[in-house]
Protein chains: 2
Amino acid sequence: MTAKLRISDVAKHAGVSPATVSRVMNGNPKVDPALVQRVQDAAAELGYTASPLARSLALGKTQTVAVLVPDLGNPTFQAILRTLSRAAAGDGYHVLVADSAEVAADEAALALQARRRTDGVVLVAPRMPDDELAAALPRLAPAVLVNRGGDGAPVVAADYGRGLRELIEHLRMLGHRRLLYLAGVPGSASNARRVAAIAEARAAHPDLDIAEAPCGTGFADGSAAVATVRAHEATAVLAYNDLVAMGLLSALHEEGVAVPHEVSVTGFDDIPFARYTTPPLTTASVPTDRMGELAWSAMRALLEDDAAAPPVVLAPTLAVRGSTAPPPAS
Amino acid sequence: MTAKLRISDVAKHAGVSPATVSRVMNGNPKVDPALVQRVQDAAAELGYTASPLARSLALGKTQTVAVLVPDLGNPTFQAILRTLSRAAAGDGYHVLVADSAEVAADEAALALQARRRTDGVVLVAPRMPDDELAAALPRLAPAVLVNRGGDGAPVVAADYGRGLRELIEHLRMLGHRRLLYLAGVPGSASNARRVAAIAEARAAHPDLDIAEAPCGTGFADGSAAVATVRAHEATAVLAYNDLVAMGLLSALHEEGVAVPHEVSVTGFDDIPFARYTTPPLTTASVPTDRMGELAWSAMRALLEDDAAAPPVVLAPTLAVRGSTAPPPAS
DNA sequence: CTGTTAGCGCATTCAT
DNA sequence: ATGAATGCGCTAACAG
């Protein structure tokens, strides 16, 4: 009963040719209603479903897209994958995931490989150098870029610079003048945007003193940065992202430093856990769900409408919570 | 140069037959070394790579497995997907992901559909009823079950009952006698295991008073349970999982209830964020990474060794952190 | 060892 | 409107 059925089996059972069965299965309008019925009955009776594999080979389309992420453990990428996956499923597409495990050197090869089994690929925050990306893009098309610029592919990104600017402005309005930025990976595009935003803020507000310290992108990095933070005279800390902020919050708590009473802390991304830290984290909320949806829309446009979607840059929104407050009276 | 190359193109370029090219590409040992070289050169020169699609159709194998999860937003499933995906990639396999969005009624269909494009499917904590699962399994084979029992498929699971027992024992040793269990979804297998463990504990320790209250599985549920918790006289709360515990911790903090001084709280799963809550969460650490690896091993065994792996039940380990302490002297 | 033939399962010309 | 042939791109069985 679970034997593999071919289209010819159904054809015989219905007393028609394989071609007719194919037409019926694909809803081809120019078939005799009577035959349609007979074929459908036969198919139902046998429990037949066309082989997606054979179909893919014949049609040249797999109804599947690949999504390449640097790390499936990163909340931001998880959120994007989740919404993208659901949106794609809504349109009858499947998703093949590839995790480069943050090894930039493997990305291009992984993407190419995944692309060959699919109709297109979504590159989420690819870490590979610009020239490598530019070289790979033509071979990957149709492709969509998330959180990374590039030529030859629609882009869906968040405006990290703007997010940090708003965070800085928020702290400034609270009265903070001495800030400390805990940087992410030096080479990354996201970090560069933030650094640029800091430069702008300095120019716009000469009374603002913003120091920068190397840090990292995870809990442990934030936790380890506690010494640096205490050594500085800053009254507020801009963590690279929520993970770093959470690590810092945790370490600060252990050392008995009150947040936000003695020092304010901000994150970035607004991951689901951000609102449940102690105190709840003030952060720049990146609309990852929307990004996942838009990335799919862009891909679908390339796939079906054959038209490239215009670049989309989403503005993070400020989420003010308990980890920021006016600086201590001193 | 990016034109689609067929095997025949390489064959002509090398002056051999397509079959020979195929043999070379697949490392067939019985080919003249000279020809091997010529074919490899030709392939390299043209930049040829065999079409995975055509290969799949001819071989009847896709080198891809499907992973069905109830929710890509759940940290536990994310962790399993992550390690599973990397393990599979290590063996040259790809992963197709399907998210049922917690709609149990769609699971079987989704799994079947995904299975047709792949060589096997890993069902992670499927929510569908037992009879439906039993009916679907034969059609899904080869399949691997994670955190859910079933006939006809290798099982990789965590011993939730044991985890809760250890948590209870930990609290008992601390001196707690009145506990409150915040339950998950009533119908779920995971919840049933915990409830059974509670029954055992009651039987073993008559002096233990363990109440149960319906709650849920997310932050919001835990947060909303704060009223229930305060109404009870319990000195310790066993949250269904870490998310519930975090929501509760947060709400408790807002209401000025000191943890663990006034009340102890335990979680379950040990998600990455558990050690960064305030206070850090005492929880039963479920080895999700190991589970992802084992699930892949089981699948690979079915795929390549054609042998079913024996069921594996992993014991969670107690992670004692700051959210539990002896009950208040009262 | 190598080339030729025949599928894998389906969609789609092309005739009728 | 339907059936018969042809191709999608590759691998395997079969000769030679």
Side-chain angles (χ1 to χ4, degrees), chain A residues 2-43 46-64 92 94 112-113 115-119, chain B residues 2-43 46-64 92 94 112-113 115-119:
Chain A
T2 313
K4 289 179 185 173
L5 295 173
R6 295 160 315 186
I7 197 172
S8 60
D9 295 320
V10 180
K12 280 172 194 159
H13 196 80
V16 297
S17 79
T20 297
V21 176
S22 175
R23 293 187 179 105
V24 173
M25 299 300 288
N26 296 323
N28 189 319
K30 43 189 177 184
V31 268
D32 188 283
L35 282 193
V36 171
Q37 193 54 243
R38 223 165 58 191
V39 171
Q40 286 179 337
D41 288 349
L46 299 178
Y48 169 80
T49 308
S51 156
L53 223 57
R55 255 181 135 263
S56 295
L57 184 58
L59 269 336
K61 309 215 165 195
T62 63
Q63 290 289 109
T64 302
H94 295 251
L112 259 327
Q113 203 181 345
R115 170 64 180 85
R116 297 224 49 187
R117 320 186 153 266
T118 58
D119 299 338
Chain B
T2 312
K4 288 179 184 174
L5 294 173
R6 294 161 317 189
I7 197 173
S8 60
D9 294 322
V10 180
K12 279 172 195 157
H13 197 80
V16 297
S17 78
T20 295
V21 175
S22 174
R23 292 187 180 103
V24 172
M25 299 301 287
N26 296 325
N28 189 319
K30 43 190 178 183
V31 208
D32 188 286
L35 281 193
V36 171
Q37 194 54 244
R38 222 164 59 192
V39 170
Q40 286 178 339
D41 288 348
L46 298 179
Y48 169 80
T49 308
S51 155
L53 223 59
R55 255 181 134 259
S56 295
L57 184 58
L59 293 180
K61 309 214 164 192
T62 63
Q63 291 288 109
T64 302
H94 295 251
L112 259 327
Q113 203 180 344
R115 171 65 179 84
R116 298 222 51 187
R117 318 184 155 269
T118 58
D119 299 338

Test item: [X] and [Y] side chains (from C-beta on) under 4.5 Å apart, heavy atoms:
{"X": "A:Leu35", "Y": "A:Val24", "answer": "no"}
{"X": "B:Met25", "Y": "B:Tyr48", "answer": "yes"}
{"X": "B:Arg117", "Y": "B:Thr64", "answer": "no"}

State which of [options] makes the closest approach to the side chain of [X].
{"X": "A:Leu57", "options": "C:dC10, D:dG9, C:dC1", "value": "D:dG9"}
{"X": "A:Arg6", "options": "C:dT2, D:dA4, C:dG9", "value": "C:dG9"}
{"X": "A:Ile7", "options": "C:dA11, C:dG3, D:dA1", "value": "C:dA11"}

Over all heavy atoms of both residues, which pair between A:Ala11 and A:Ser17 is shortest? Give the atoms and the distance, please.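 Here A:Ala11 and A:Ser17 meet closest at CB-C, 3.8 Å.
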Minimum heavy-atom distance between A:Asp119 and A:Gln63, given as atom pair plus value: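 Heavy atoms only, the tightest pair is OD2-N, 2.8 Å.
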Rounded to 10 degrees, the angle between the two terminal axes of the helix from C:dC1-D:dG16 to C:dT16-D:dA1, each from five pairs: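 Here the helix ends are tilted 50° relative to one another.
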What are the atom names and distances for every N/O pair under 3.5 Å that joins the protein to nucleotides 12-14 of chain C?
from: C:dT13; atom 1: O4; to: A:Arg23; atom 2: NH2; distance (Å): 3.4

Please collect all side chain to side chain donor-acceptor pair (under 3.5 Å) contacts where either partner lies in residues 29-39 of chain B, sequence neighbours excluded, each pair once.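 Of all non-adjacent pairs touching residues 29-39 of chain B, none passes side chain to side chain donor-acceptor pair (under 3.5 Å).
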Do any side-chain nitrogens or oxygens of A:Tyr48 fall under 4.0 Å of OP1 or OP2 in C:dC10?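 Yes, within the criterion.
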Below 4.0 angstrom from OP1 or OP2 of D:dG3, is there any side-chain N or O of A:Ser17?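 Result: yes.
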